Each structure stands twice: as C-alpha cells, then as structure tokens.
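Here is the structure we will look at.
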Amino acid sequence: MLWVLAAAVGLVCWVYGRSGKEIGLQWGDTPYNGVAQALVVLLLVLYVLDVSSEVSKLPKTETSKSTSIPTLPAFLPSTGREFIHYASLALSAGLAEEIVYRGYCITYLQTILGEEAWWQVALVLLLPAVAFGLGHLYQ
C-alpha cells in the first residue's frame, strides 16, 4: 500500500511538472542552521545510548552466556530468507513512508494551512507526525 501511495504521489508530481523538491526528495533552499545541526547530533547520541542500554539488558541464551552475546529480538531476521523480507520492509519504510508522510502530507498541509504563523508551522509538522504515529500503534 505504501508503494502504491508513493507511486501516486510521484505520478502526480510528474504529470503536473513538479520537482522532487516539493515532496522532500531534494535539499531545501537554505542550509540548516547550527541549532538544528546540534539537535540532530544530540538526538543521534541519545539514540545510540538508548540502543546500547537496551541491548545490554537483553537476556543471554545458555549457549551465549559464556561469550556474552545477547539474543536478538524476535522481529530481527535470523535466516537469509527472513533478511530478504526484512530488507524489503525496511526499504519500503525508509522510502515510501517518507514520500507519503513527510513529502506529500507536509507539502499539502503547507498549501492548505499556510506557514506564516508559528501555529501554522506547528500544525503542518504535527499532523503528519500524529498520523504516522497512529499508523504505527501496532508496534
């Protein structure tokens, strides 16, 4: 379904002669400022710390206790065939979700709501984020 939606967005852009920039497929006009860059670095550091903490708490199997290798969560692939399915899912999430939720939704909401006031910008960013979160409640 994600690929169908992403293809529809791409087709509409192509038919109307719009650039990929309008759906988030290119860098913006202005580079990110230092505050935005610092926030990205901070979030990456916090993410790495969180993942490290979670991995250290994973139970170890009887055979791996001597080597301190944690067992992997059940959703991670353990065979080549599972990896192929996992990779296609990751690719779909990484590309199609970004096109639909970030590219199309944000661009569409900017057109409808505008972006002159701070609350308009907040709504433009929050509504797709909430929709994305609701779509992933099953996780």
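Please read all numbers here as calculations on a predicted model, not as lab measurements.
Val51 and Val48 fall into different hydrophobic clusters, where Ile, Leu, Val, Met, Phe, Trp and Tyr residues are linked whenever their side-chain heavy atoms come under 4.5 Å apart, directly or through other members. A continuous path of hydrophobic side-chain contacts links Leu109 to Leu125 [ILVMFWY only; heavy atoms under 4.5 Å]. In terms of hydrophobic clustering, with Ile, Leu, Val, Met, Phe, Trp and Tyr side chains grouped at heavy-atom distances under 4.5 Å, Leu46 and Val41 are assigned to different clusters. Side-chain heavy atoms closer than 4.5 Å link hydrophobic residues (I, L, V, M, F, W, Y) into clusters, and following such links, possibly through other members, connects Trp14 to Val12. In this structure, Phe132 is not a member of the same hydrophobic cluster as Leu137, with clusters built from ILVMFWY side-chain heavy atoms closer than 4.5 Å.
The distance from the OG1 atom of Thr107 to the CD1 atom of Ile99 is 11.5 Å, given to the nearest 0.5 Å. Atom-to-atom distance recorded for Tyr47:OH and Leu42:CG is 15.0 Å, nearest 0.5 angstrom. The distance from the CG atom of Leu2 to the CG atom of Leu89 is 9.0 Å, given to the nearest 0.5 Å.
Nearest heavy-atom pair across Val100 and Ala6 is CG2-N, 3.7 Å.
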Run the side-chain donor-acceptor check on residues 115-124: report pairs under 3.5 Å with partners two or more places apart or on a different chain.
residue	atom	partner	partner atom	Å
Glu115	OE1	Gln110	NE2	3.3
Gln120	OE1	Glu116	N	2.9
Gln120	OE1	Ala117	N	2.7
Gln120	NE2	Leu113	O	2.7

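In this structure, Tyr86 and Glu82 have side chains that are not in contact, with every pair of non-hydrogen atoms separated by 4.5 Å or more. Side-chain atoms of Val9 and Leu5, non-hydrogen and from C-beta on, never get closer than 4.5 Å to each other.
Remark: Glu98 engages Arg102 in a salt bridge (charged side-chain N to carboxylate O under 4.0 Å, His left out) (not counting sequence neighbours). For Ser92, the side chain to side chain donor-acceptor pair (under 3.5 Å) partners two or more places apart in sequence, or in a different chain, are Trp3. Every residue was checked against the ring pair (Phe, Tyr, Trp, His ring centres under 6.0 Å) condition with Phe83, not counting sequence neighbours, and none meets it.
Other residues sharing a hydrophobic cluster with Ile84 under the 4.5 Å side-chain heavy-atom criterion for ILVMFWY residues do not exist; the residue is a singleton. With a 4.5 Å cut-off between side-chain heavy atoms of Ile, Leu, Val, Met, Phe, Trp and Tyr, the cluster of Val40 takes in Leu44.
Ring planes of Tyr108 and Tyr104: parallel class, angle under 30° (limits at 30 and 60°).
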